[in-house]
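If you scroll down you'll find the structure; I have some questions about it.
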Amino acid sequence: MLRHFTLEYRIDDDWYIGRLKEVPGVFSQGESLEELEENIRDAYRLIK
């Protein structure tokens with residue numbers, strides 16, 4: 001099943017820091033938006 005979530009992010013000292021709005025506790029960071037998205041997917045998979 002394909003799920004869609006909202007990624008909220010901000011840039012802090014050249015790092016992208018984000019969380020999934022609908023899933024409390026899923027946070028990550030990356031040096032680019034693409035890396036953040038990949039890291040968020042990995043973090044979500046770890047809690048499933």
Side-chain angles (χ1 to χ4, degrees):
M1 175 181 2
L2 184 62
R3 295 181 181 227
H4 296 274
F5 298 106
T6 306
L7 173 60
E8 293 183 330
Y9 70 94
R10 62 186 169 89
I11 300 172
D12 187 14
D13 292 331
D14 296 327
W15 283 87
Y16 288 78
I17 301 168
R19 71 179 187 101
L20 291 182
K21 185 176 179 180
E22 297 84 359
V23 186
V26 177
F27 297 86
S28 195
Q29 65 184 17
E31 292 185 84
S32 66
L33 184 54
E34 293 79 18
E35 183 178 2
L36 170 60
E37 290 171 341
E38 182 179 328
N39 293 343
I40 282 284
R41 284 186 197 99
D42 290 343
Y44 176 73
R45 286 185 196 111
L46 288 172
I47 66 156
K48 280 185 15 175

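Numbering starts at 1 and runs along the sequence shown.
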Exercise. How long is the span from the OH atom in Y16 to the CZ atom in R10, to the nearest 0.5 Å?
Worked result: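 Result: 13.5 Å between the selected atoms.
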
Exercise. Could you give the distance from CZ (R19) to OG1 (T6), rounded to the nearest 0.5 Å?
Worked result: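 Answer rounded to 0.5 Å: 9.5 Å.
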
Problem set entry | ILVMFWY cluster, L46 and L20 together (side-chain gap under 4.5 Å) |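 Different clusters.
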
Exercise. When you look at I17 and Y9, which way does the side-chain contact (heavy atoms from CB on, under 4.5 Å) test go after all the steps?
Worked result: CA-CA 5 Å; I17 301 168; Y9 70 94; over 6 Å; no

Problem set entry | Spacing of E22 atom CD and L7 atom CG [to the nearest 0.5 Å] |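 Taking CD in E22 and CG in L7, the distance rounds to 10.0 Å.
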
Exercise. What's the spacing between E35 CD and S28 OG if we round to 0.5 Å?
Worked result: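 Taking CD in E35 and OG in S28, the distance rounds to 8.0 Å.
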
Problem set entry | Other residues, nucleotides, ligands: >12 heavy atoms within 6.0 Å of D12 CG |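 Buried by this count: over 12 neighbours within 6.0 Å.
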
For this session: Could you grab the distance from atom CD of E8 to atom CD1 of I40, nearest 0.5 Å is fine?
Result: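 The CD atom of E8 sits 10.5 Å away from the CD1 atom of I40.
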
For this session: Look up atom CZ in R41 and atom CG in L36, then write down how far apart they are to the nearest 0.5 Å.
Result: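 One gets 9.5 Å once the value is rounded to the nearest 0.5 Å.
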
For this session: Could you pull out all residues at least two apart from F27 that satisfy ring-ring contact (aromatic ring centres under 6.0 Å, His included)?
Result: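 ring-ring contact (aromatic ring centres under 6.0 Å, His included) list for F27, sorted by chain: empty.
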
Exercise. What heavy-atom pair brings Q29 and N39 nearest, and what distance separates the two atoms?
Worked result: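 Distance-wise, the nearest heavy atoms are O-ND2, 2.6 Å.
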
